[in-house]
Amino acid sequence: MLRCARLLRPIQPLWSRFPHTGLNGSAHEPWFQSDPEENGMKERIAVYRERAADLHWWDGRLNSVIEHYDGTGHPYRILRKLGFGGSSNVFLVQSTVDEEYLALKILNNNHSRGSGPEIEIMLSLFMDIVPPHRSTNPDVFDDGRTVSTTGISRAHMGRAYIRALRGIFCPDRVRGDDESRHVAFLLEPLGSSIVDLWRSFPQRKLPLEWTKRVVRQVLAGLSYLHVRGISHGDVHPSNIMCDLGEHPQQTLEEALARDPAPAEQKDDEYLCSRRLVIPQPETLENLNVKLVDFSSGHWLDIAADQRDHGHGEGVWPYRSPERMLELELGAANDIWGLGCSVFEMLTDKFLFGRMDPPNENARWTAEHCHLMRMAMHTGLSFPEYMTQSPGGRKYFDEDGELDFIRPKNPYRLDEALKLFVEFEQRDLEETAAFLQRCLHLDPLKRATADDLLMDPWLN
């Protein structure tokens, strides 16, 4: 659910099949890397500590009580850290009134001031509050489709796969300059991300049937969002989390008993204290996941230049072609992120990890390389409207060819999968075909969530 700064760390290039780049590499050692978080946590913590004064984090001390500044609502006691990232800290809290456990996501001050779209989306999804820009006719989309949003909220199966909101408040009094404001989201408590789940397996990969179950549920959640006119905007494995089963409150009590809080807390430990360890689902039947974190979400009927946060850079390994080329982001952007995530679940490797030039004399950039690999893995060409767009002209010439860098041979998705997983031929073909539908270079031709739910790979 947190922004994955861990994924933006520079990664040492591992090249192959690029004779025109001036780099050498083995034909059987492609450019796939694992997430470097495990080796980079100390550096990550150091960066957050260094930036704490500028970002104005909420000082969430263990056992302190937090409440709305005007005294309304339940007070909540902070019990443990659940996670942290570039925009927020997430704590496990317990109501001092009814003892219910919830997750409390508190944005730092910088992100609190830009949290309007996230608040609008969450209120619309879970409290049926119509956002201002759709208040005149909330059930009509720009393309003429009409939909009863209240009916969708109550009936769509995908609603169950979106993390539930319990409330939004400001824990501190807002002064005139807004410098002290922090926005806090009370959320349904969840378990670990699917990254932790697949790394709990001996092979550090998610088995095929487990992956399919996760993908079905994520697609159902995306279908619900897209019908509601919302794009998640940041689909990747760390934003897909396991639920806590049939008895979440009991599960959390047992986790707290097994992993008690430290007796003492350093001055800045609220920022980077270790997370509460919550058990993973043990059987396929108990595996249920939810999409989390709408900090990059947006309404599909609002153009990028009218949104508060525009395009955003996104997390590198999951950046879609349209995001890189600064085109309009729609529902197809979510599907691209899911396709990249499926490859990572099955292999524990990024399909599109960042590759920087080997030296300052190279004329191509990491973006050139990223776009080239998109074409290599899919075997497709970028359409003219993409290559000749203002963003496209940064990387493509007038003929639609990438500047400065040329692939020799395609390296298709089935070949990439075979490097890391052993599949029966039918499973390999169906998995690669599913990924191909998720990763079509042209967002106008990319499969929708509803299309993919009917794909043979999932049925």
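Here the structure is a predicted model, which is why all the values come from computation and not from measurement. Just so you know, these numbers use all the heavy atoms, side chains as well, and skip hydrogens, waters and symmetry mates.
- One side chain, Glu120 or Trp299, offers a donor N or O that lies under 3.5 Å from an acceptor on the other.
- Between Glu344 and Pro317 there is no side-chain heavy-atom pair separated by less than 4.5 Å.
- The side-chain heavy atoms of Tyr395 and Phe404, taken from C-beta on, include no pair separated by under 4.5 Å.
- By the 30° and 60° cut-offs, the orientation of the rings of His370 relative to Phe352 is parallel.
- A donor-acceptor pair under 3.5 Å links the side-chain atoms of His232 to the main chain of Val292, judged by distance alone.
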> Do Lys290 and Glu188 pass the salt bridge (Lys or Arg N to Asp or Glu O under 4.0 Å) test, and can you show the C-alpha distance, the side-chain angles, and the key distance before you say yes or no?
Replying inline: CA-CA 10 Å; Lys290 303 205 176 194; Glu188 169 188 15; 2.9 Å; yes

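- Between the side chain of Trp336 and the backbone N or O of Arg319 there is at least one donor-acceptor pair closer than 3.5 Å.
- Rounding to the nearest 0.5 Å places CD1 of Ile162 at 4.5 Å from CZ of Phe294.
- Rounding to the nearest 0.5 Å places CZ of Arg228 at 8.0 Å from CZ of Arg159.
- Judged by distance alone, the side chain of Ser223 and the main-chain N or O of Leu219 form no donor-acceptor pair under 3.5 Å.
- Here the side chain of Arg437 pairs no donor or acceptor atom with the backbone of Asp455 at under 3.5 angstrom.
- Atoms CE and CG, from Met345 and Leu208 in turn, are 11.5 Å apart once rounded to the nearest 0.5 Å.
- Between Glu254 atom CD and Ile278 atom CD1 the span is 12.0 Å, to the nearest 0.5 Å.
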>> For Ser295 and Asp293: C-alpha separation, side-chain torsions, deciding distance, then whether side chain to side chain donor-acceptor pair (under 3.5 Å) applies.
In response: CA-CA 6 Å; Ser295 59; Asp293 189 3; 2.8 Å; yes

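- Between Gln217 and Asn288, the side chains place a donor N or O and an acceptor N or O closer than 3.5 Å (distance only, hydrogens not considered).
- Annotation: the span from Asp334 atom CG to Thr448 atom OG1 amounts to 12.0 Å, rounded to 0.5 Å.
- The shortest heavy-atom contact between Pro443 and Tyr385 is CD-OH, 3.5 Å.
- A side-chain contact (heavy atoms from CB on, under 4.5 Å) with Leu165 is found for one member of Ile119, Leu123, Leu125, Ile121 and no other, namely Leu123.
- Although no hydrogens or angles enter the test, the distance criterion places no donor-acceptor pair under 3.5 Å between the side chain of His377 and the main chain of Arg412.
- In this structure, the side chain of Asp442 engages the main chain of Leu444 through a donor-acceptor pair within 3.5 Å.
- Comment: Lys212 engages Glu209 in a salt bridge, judged by a side-chain N to carboxylate O separation of less than 4.0 angstrom.
- Asp234 contributes no side-chain N or O that, together with a main-chain N or O of Asn239, makes up a donor-acceptor pair within less than 3.5 Å.
- Residues forming a salt bridge (Lys or Arg N to Asp or Glu O under 4.0 Å) with Lys205 (at least two apart in sequence, or on another chain): none.
- Checked by atom type and distance alone, the side chain of Gln388 pairs as donor or acceptor with a backbone atom of Asp397 at under 3.5 Å.
- Side chains of Leu419 and Lys349 form no contact here, defined as non-hydrogen atoms less than 4.5 Å apart.
- Counting only heavy atoms from C-beta outward, the side chains of Ile335 and His440 never approach each other to under 4.5 Å.
- Put simply, the residue from Glu430, Glu424, Glu429 that forms a side-chain hydrogen bond (donor to acceptor under 3.5 Å, both in side chains) with Arg426 is Glu430.
- Residues Asp348 and Phe201 fail the side-chain proximity criterion, which asks for heavy atoms closer than 4.5 Å.
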> Run the side chain to side chain contact (heavy atoms under 4.5 Å, CB included) check on Leu104 and Leu186 step by step: do they pass?
Replying inline: CA-CA 5 Å; Leu104 182 69; Leu186 279 169; 3.7 Å; yes

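- When every heavy atom of Asp403 is checked against every heavy atom of His368, the shortest pair comes out as O-CD2, 3.2 Å.
- A donor atom on one side chain and an acceptor atom on the other are not found under 3.5 Å apart for Glu326 and Ser389.
- Counting heavy atoms from C-beta on, the side chains of Val277 and Arg258 never come closer than 4.5 Å.
- The shortest non-hydrogen separation linking Asp243 to Asn286 is OD1-O, 4.5 Å.
- For the atom pair CG (Leu244) and CG (Leu190), the distance works out to 6.0 Å, reported to the nearest 0.5 Å.
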> Is there a side chain to side chain contact (heavy atoms under 4.5 Å, CB included) between Leu325 and Leu371 once you walk through the steps?
Replying inline: CA-CA 9 Å; Leu325 301 179; Leu371 292 164; 4.0 Å; yes

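- Counting all heavy atoms, side chain and backbone alike, Arg446 lies closest to Pro321 at NH2-CD, 3.8 Å.
- Annotation: side chain of Pro189 is in contact with side chain of Leu252 (closest heavy-atom distance under 4.5 Å).
- By the 6.0 Å and 45° rule, Arg213 does not stack over the aromatic ring of Trp210.
- Gly353 approaches Arg373 most closely through the heavy-atom pair O-NH1, 2.8 Å.
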> Going through the distances and angles, do Leu287 and Cys242 end up as a side chain to side chain contact (heavy atoms under 4.5 Å, CB included)?
Replying inline: CA-CA 7 Å; Leu287 173 62; Cys242 303; 4.1 Å; yes

> Can you check side chain to side chain contact (heavy atoms under 4.5 Å, CB included) on Glu100 and Arg166, steps first, answer last?
Replying inline: CA-CA 12 Å; Glu100 180 185 19; Arg166 300 296 182 82; 2.8 Å; yes

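- Between Trp198 and Val214 the shortest side-chain heavy-atom distance does not fall below 4.5 Å.
- Judged by distance alone, with hydrogens and angles left aside, the side-chain atoms of Arg354 form no donor-acceptor pair with the main-chain N or O of Ala366 at under 3.5 Å.
- Considering every non-hydrogen atom in both Thr378 and Gln436, the closest pair reads O-NE2, 2.7 Å.
- Put simply, the side chain of Glu384 never gets that close to the backbone of Gly400: no donor and acceptor are under 3.5 Å apart.
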